[in-house]
Every structure is written in C-alpha cells, then in structure tokens.
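Both ligands and their constituent atoms are indexed starting at 1 by order of listing. Sequential numbering from 1 along the given sequence is applied to the chain's residues.
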Amino acid sequence: MREIVIGAAQMGPIQRADTREAVVARMLALLDQAKDAGCQLVIFPELCLTTFFPRWYIADQAEVDSWFETEMPNAATQPLFNRARAHSIAISIGYGELTPDGRHFNTQILTDRQANIIGKYRKIHLPGHDEYDPERSFQHLEKRYFAPGDLGFPVFRNMDAWMGMLICNDRRWPEAYREMGLQGVELIVLGYNTPSGNSQNADETPEMRDFHSDLSVQAGAYQNSAFVVAVAKAGNEDGHPLNGGSVIVSPDGVILQKAKTLGDELLVQACDMDATAFGKASVFDFKRHRRIEHYGRIATQTGVIYPDGKEG
Ligand code: CDV
C-alpha cells in the first residue's frame, strides 16, 4: 500500500485588484485546513496567484510582465513554501513564469514534502488566440501571452510514486495523458481556469462545460490507470464567471470527490498508488496491447487530412 492523502485546493475568484499577498493568505488557510485533514500533498489551480489575466487585452508589455513571476519562490510566495515545509505537505501551484531570458510560460511546479521544487511543467496546449478578437464575447489571449511549453510531459518520482502535471486545456488532449502513461505515471495533477461560457457559442451551458471537463479527466485517468486530480479556480472574477467542479478521479475513471461550491474549498482523498497497478497490468498493459505501427499520424500530422487529400 502506497497511500497519499491528497488535497485538491479549489480557489474561488481572484479579482484583478487583489494582491498576491492576499491570495497567498487564502492559500495558507487552505494549507492549514489540509494539515488538519491529514493531507500530504495539496494541489492548487492554474495561475493561482492572480486573476485569470489572459481574458484582458493588454498592449503594454511592462503591464503584461507584472502578471508573471521571475523567480519561485519569491517574496510573496515564500510564506506558502515555509508553511508547506512546516506542515510536511508537498504542493503543486500554477503561475505565469517569466524566465531570465525573457520567455513567458504558463507553468505548474511540484515540490516534495520539504518544499523543494522537484518538478516543473510548462503548458503545451495553449487555447485561444493571439490578437484582440471582436467576434468573441470575451477574450482568451493565452496564445498572445505565453509560449508553448518546452519541457514535454515529464514524470517525477515524489513520495514513492510517479507524478506528472498538466495545465487546464491539456486535460482535453489524450496525447498528453498517454505521454505520461508511457512513463508509468500513477498520479496526474492539474489546475484549470475554465470560463463558464464559450466565448464563441452562447448556447454552451456551464453544465456542458463541466461535463466535458469530467469526461476528459475521467477518460485520461481510466485509459492510463492513474489517479487524476483536477483543481479549478472558480467563481466570478470581475464579471467573468469561471466553472468550478474540481475532482479527484480514481484509476478506474471514477469521480471520488467533486467540489460543491465556487469558492475556496478543499477536497480530501486518501489515494493508494498501488491501485494503479491492476489497470496497467491488464487492459492498459501498453507493452502487450499497443500497436504503434498504426499510430504514425498522431506524431507526424497536426490537422485533419481527408482520405481524398483535402485538408480539414
Ligand atoms: N485556461 C484554459 O486553458 N481554459 C480552457 C478554455 C479556454 C476552454 C480550458 O480548456 O478550460
């Protein structure tokens, strides 16, 4: 038995005017709650230190850069690392990363229980667009503010388990899970900011958005026989509603815990990493069952090409 008590620390809205210090104070309260609940690992959402700034078109690069962190930990987040170490809780947090050579990434990190950063992931599937789009009911400018991740889908040894990370839109792409599944991943953690509506389709309901989120996460868990913990930033950020619905999903694809609110809310679940073994040795024993001779298109072709040669 390799049990890890996991906390999914959903966060309620962060307004544009909120300081990082105020946000970290909320995260500390969640960490204290997690300590009381016996958690050994706590996952926070994508871009959890600020509002979801890619909804704003910002022309001034200095202002853009102000939404990013140039080091981690830094003055604002050091108390979080200190508290995590004091509680012996490993953490995973998402933030905008500005590198010393001026590159911008949407990043998630993972620590061990001593608050050492032992893993980093940079979001690969960036949704949205890179210029102001007047046709949309709101903007989603991730392609403007971030470069696609350059670290692949790494898997890390932490707390006697194999762990990987995804960020938000990545959870909709089976290739992302399988890249980690092929490295034996046992636990995938991810944070997200999912608007409650579709900026290009007014008919899409929050319930449908929640359904798609669960569907993707449950499929990724089941098809790779891994736990998946998906953690939302939720609620109304300056008039822009975000879906909640954070979940902890078993290697069978079953939802074990699901958030009930759109606020700061901690989900707690004891997860035995040994429960990933059966699926990995049976229906998803990749070595016995995968047929890579037929998967060439997946790694060589991006868009649709119909059998008659026309492109989709
Ligand atoms: N932050 C995100 O990546 N959000 C996307 C939205 C744009 C669909 C998501 O997949 O939830």
*Going by atom types alone, do Asn158 and Trp162 pair a side-chain donor with an acceptor below 3.5 Å?*
no
*If a pair satisfies salt bridge (charged side-chain N to carboxylate O under 4.0 Å, His left out) and one of its residues is in residues 89-110, list it, with sequence neighbours excluded.*
Glu97-Lys120, Glu97-Arg122, Asp101-Arg103, Arg103-Asp150
*With under 30° as parallel and over 60° as perpendicular, where do the rings of His104 and Phe68 fit, or are they tilted in between?*
perpendicular
*asked:* Would you call the rings of Trp67 and Phe53 parallel, tilted or perpendicular, taking 30° and 60° as the class edges?
replied: parallel
*Answer yes or no on whether Arg171 is positioned over the face of Tyr192, meaning its NZ or CZ is under 6.0 Å from the six-membered ring centre and within 45° of the axis.*
yes
Can you produce the list of protein nitrogen or oxygen atoms under 3.5 Å from a nitrogen or oxygen of ligand 1, alongside each distance?
unit_1	atom_1	unit_2	atom_2	d
ligand 1	1 (N)	Glu46	OE1	3.1
ligand 1	1 (N)	Glu142	OE2	3.1
ligand 1	1 (N)	Asn193	O	3.1
ligand 1	3 (O)	Lys123	NZ	2.7
ligand 1	3 (O)	Glu142	OE2	3.3
ligand 1	3 (O)	Asn169	N	3.3
ligand 1	4 (N)	Asn193	O	3.2
ligand 1	10 (O)	Asn169	ND2	2.9
ligand 1	10 (O)	Arg172	NE	2.7
ligand 1	10 (O)	Arg172	NH2	3.2
ligand 1	11 (O)	Arg171	NH1	3.4
ligand 1	11 (O)	Arg172	NH2	2.8
ligand 1	11 (O)	Thr194	OG1	2.7

*Should Lys35 and Asp32 count as an ion pair when the cut-off is N to O under 4.0 Å?*
no
